[in-house]
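Below you'll find the structure, written out as structure tokens, and then a few comments.
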There are 2 protein chains.
Amino acid sequence: MTLKDVAEHLGVNASTVSRALDPAKAHLVNAATVDRVRAAAQHLGYRGDHVAGSLRRRATATVGVVVGDLANPFIAPVIHGIARALAAEQMLPLIFETQDDSERLAWGVNHLLSRRVDAIIVAGARFGDRRVLEAASTVTPVVVAVRGLPGSPLPHVLHDDRAGGALAARHLIELGHTRLAELRGPMDIGNFTARHEGFRDACRDAGVELVSGADFGTVPSRDEGERLARALLDQATDHPTAVFAHNDLMALGALAEFRSRGLSCPHDISLVGYNDSPTIDQVDPPLTSVAYPGAEVGEAAGSLALQLIARTGRTVPGSVFHPAIQVRASTAPPIDGS
Amino acid sequence: MTLKDVAEHLGVNASTVSRALDPAKAHLVNAATVDRVRAAAQHLGYRGDHVAGSLRRRATATVGVVVGDLANPFIAPVIHGIARALAAEQMLPLIFETQDDSERLAWGVNHLLSRRVDAIIVAGARFGDRRVLEAASTVTPVVVAVRGLPGSPLPHVLHDDRAGGALAARHLIELGHTRLAELRGPMDIGNFTARHEGFRDACRDAGVELVSGADFGTVPSRDEGERLARALLDQATDHPTAVFAHNDLMALGALAEFRSRGLSCPHDISLVGYNDSPTIDQVDPPLTSVAYPGAEVGEAAGSLALQLIARTGRTVPGSVFHPAIQVRASTAPPIDGS
DNA sequence: CTGTTAGCGCCTTCAC
DNA sequence: GTGAAGGCGCTAACAG
């Protein structure tokens, strides 16, 4: 059942049917004809072919979304936000998972381009991906979301992770801690370098000691958090009285390590996480965490993509969300004299 | 840069280029020509047009994925599993969110059909959606995943929620509880009716009292869990000594309500959740929960879709995963004499 | 307001 | 092993 079939059934031209069924063009057609066409289309069970339309129109109403790992619980709200924003224009997200592999990202971005997506939102970029993404942006709009690419002119929707790191540090310093440590995420991902820099600089500004090696996680997982916490506490030097984990998963790993050593949190050691994940307020102890507005970032990225599609070539400003810290029971003043 | 451009550049026919660049057809072409074509394509930056190919080939290498709500943390692993399975055939998921609205689902399924997706995986069906989905299945393969449609002949990939409900009941009964209650999810979603039936029947078989109204949640959220727990405990009759919440979010709501009433879990009341969500083992108290293998279900659904695409018309069996219960500290024997 | 024409870029015959 | 031709279904441009 094609446009032509409907047209022949009615004794009109396919173009007329095409126009009558397009809400944006129906006004060009006699109202009575529009009704007849709609009725016939309904009656015959006609369903337009979006693929053929996309080929002709040179637009697919589809936005490629590149993510590192869908299993990471913090990415779901981002996709949710993107889908919400796109739904306003009846556009749909086409998901590609890189599994945090730059080769796969390059392949995926190219594949999305060959699928003629109207824009690409990259929520899982690593520094090394900059060239590939900037090249892609000469073909279709590319929005960098969640994970920034320092120095890149690509439009972006980010969260100020540097400020978030500083927030964590200042919170601990205000509680009276003077020996802090970090459990760092991978240093080729913008979020984690920014969290690190914010934390480190705030410590330096306050003249507070930063107890930590140069080590960092290969992935920001619970296991890596546990490993780094173990390494930190195995050090012969004085233990820190407070720890900043670069995300909640790593914080949970650290918590497990603390527990296995008989260290009580926050009595013996305070802990701050990042993301303010859904149930993190109900762990034992409820975790102090820097909030990450994933759904808002996703929605803003989706809207930005829509704007870039609408006014191709025009410059559209990116946006940066500001962090807030949720203080809970995992942070407390240090024990006197420790 | 089209196929034709590459062909003209080389002085060959577009068909030859098309064949040379298709791994499955390259063997029909002189090896030397294949090399020349590949080199030229690379050199000229040719990128095939997947849209045009899809129109001609009548296949899009795309699978529509219909979900209720991406913000529900339990759906992320399912999509992850689907994406993993599809990636094996270089297919991509196109996501549509119904927001648990049947009209939106009907619209979305139709839209996906007009986009000529090669299959649709529905992970968010409600009973009322059966007709729409069966109609869609005459056009393209439809796989029902996660939420079943009792009585429907559509191929499905599910988890045995009935057995899961029974598992929860038997665990509590073995601990010695004799007055149980349920916090039920929406009764037009297959998972929750099945959990209810399994729980209820296991109680009946054991001759154990089921303290509970006919009430159930409108959505399976934390707030609804809290509301139902409040209603349950407001009843004048004897309180139950153990509660089965139909998912972890509802369990967390119940936990909050218990706490606000000064009821300690598991001392005063035991609690079982469902899904075994990522951080649920670290809440206070660590929650006993029936595990839901979301990623496995998603991967099986993706594989099933691929099979249905490959052998259209052939019957392919669905599959059902069996539940397991993770026992943690939120369940304990009842206080003697209570 | 409606019809005619001409492709969008590709792939699959069919012919040689 | 390669070329020529046709058409997938739609819509934009141009006439009338």
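So you know, we letter chains A, B, ... as the sequences are listed, proteins then strands, and number each from 1.
The side chain of B/D49 sits closest to C/dC10 out of C/dC10, D/dT2, C/dC8. When the nucleotides D/dT11, D/dC10, C/dG9 are ranked by their closest atom to the side chain of A/T2, D/dC10 comes out on top. Across D/dT11, D/dG3, D/dG9, the shortest atom-to-atom separation from the side chain of B/V12 is found for D/dG3. For B/Y46, counting side-chain heavy atoms from C-beta on, the closest listed nucleotide (D/dG9, C/dT2, C/dC10) is C/dC10.
Residue contacts for A/S15: at a heavy-atom cut-off of 4.0 Å it reaches a base atom on one of the strands shown. Backbone-only contact: A/N30 has heavy atoms under 4.0 Å from sugar-phosphate atoms and none from a base. Within the 4.0 angstrom heavy-atom criterion, no nucleotide atom of any strand lies near A/V51. Nucleic acid contact for B/S54: none, since no nucleic acid atom lies under 4.0 Å from a heavy atom of the residue.
Mapping A/G53 and B/A31 onto DNA chain D via the closest heavy atom, the residue that lands nearer the 5' end is B/A31. Between B/R19 and B/A52, the residue anchored nearer the 5' end of DNA chain D, judged by the nucleotide with its closest heavy atom, is B/R19.
The CG atom of B/L28 sits 10 Å away from the P atom of D/dT2 (whole-angstrom rounding). Rounded to an integer number of Å, the gap from CD of A/E8 to P of D/dG9 is 13 Å. Atom P of nucleotide C/dA15 and atom CG of B/N13 are separated by 17 Å, given to the nearest angstrom. In this structure, the CG atom of A/D22 is 16 Å from the C1' atom of D/dA13, given to the nearest Å. In this entry the distance linking CE of A/M1 with C1' of D/dC10 reads 15 Å, nearest Å. A/K25 has its NZ atom 15 Å from the P atom of C/dT2, to the nearest Å. Between the CZ atom of A/R115 and the P atom of C/dC8 there is a distance of 23 Å, given to the nearest Å. Summarising the geometry, the separation between CG on A/L3 and P on C/dG7 is reported as 20 Å, rounded to the nearest angstrom.
Put simply, the side chain of B/R56 and the base of C/dC11 share a donor and an acceptor less than 3.5 Å apart.
Proximity of B/R57 to the phosphate of C/dC11: a side-chain N or O atom is located under 4.0 Å from OP1 or OP2. Applying the 4.0 Å criterion to OP1 and OP2 of D/dC8, one finds that A/K4 has every side-chain N and O outside that range. When the side-chain nitrogen and oxygen atoms of A/S18 are compared with OP1 and OP2 of D/dT11, one or more of them lie within a distance under 4.0 Å. Regarding contacts with the backbone of D/dG1, every side-chain N or O of B/T33 stays at 4.0 angstrom or more from both OP1 and OP2.
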Should A/T140 and A/I120 be marked as a side-chain contact (heavy atoms from CB on, under 4.5 Å) after you check the CA-CA gap, both sets of side-chain angles, and the distance that decides it?
CA-CA 7 Å; A/T140 202; A/I120 298 180; 4.1 Å; yes

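Here the CZ atom belonging to B/R311 is positioned 10.5 Å from the CG atom belonging to B/L306, to the nearest 0.5 angstrom.
The 12-atom threshold is exceeded at NE2 of A/H27, counting heavy atoms of other residues, nucleotides or ligands nearer than 6.0 Å.
Using a 4.5 Å heavy-atom threshold, the side chains of A/E134 and A/L149 count as separate. Within the 4.5 Å cutoff, no side-chain heavy atoms of A/S152 are placed close to those of A/L133. Residues A/L44 and A/H9 meet the side-chain proximity criterion, which asks for heavy atoms closer than 4.5 Å.
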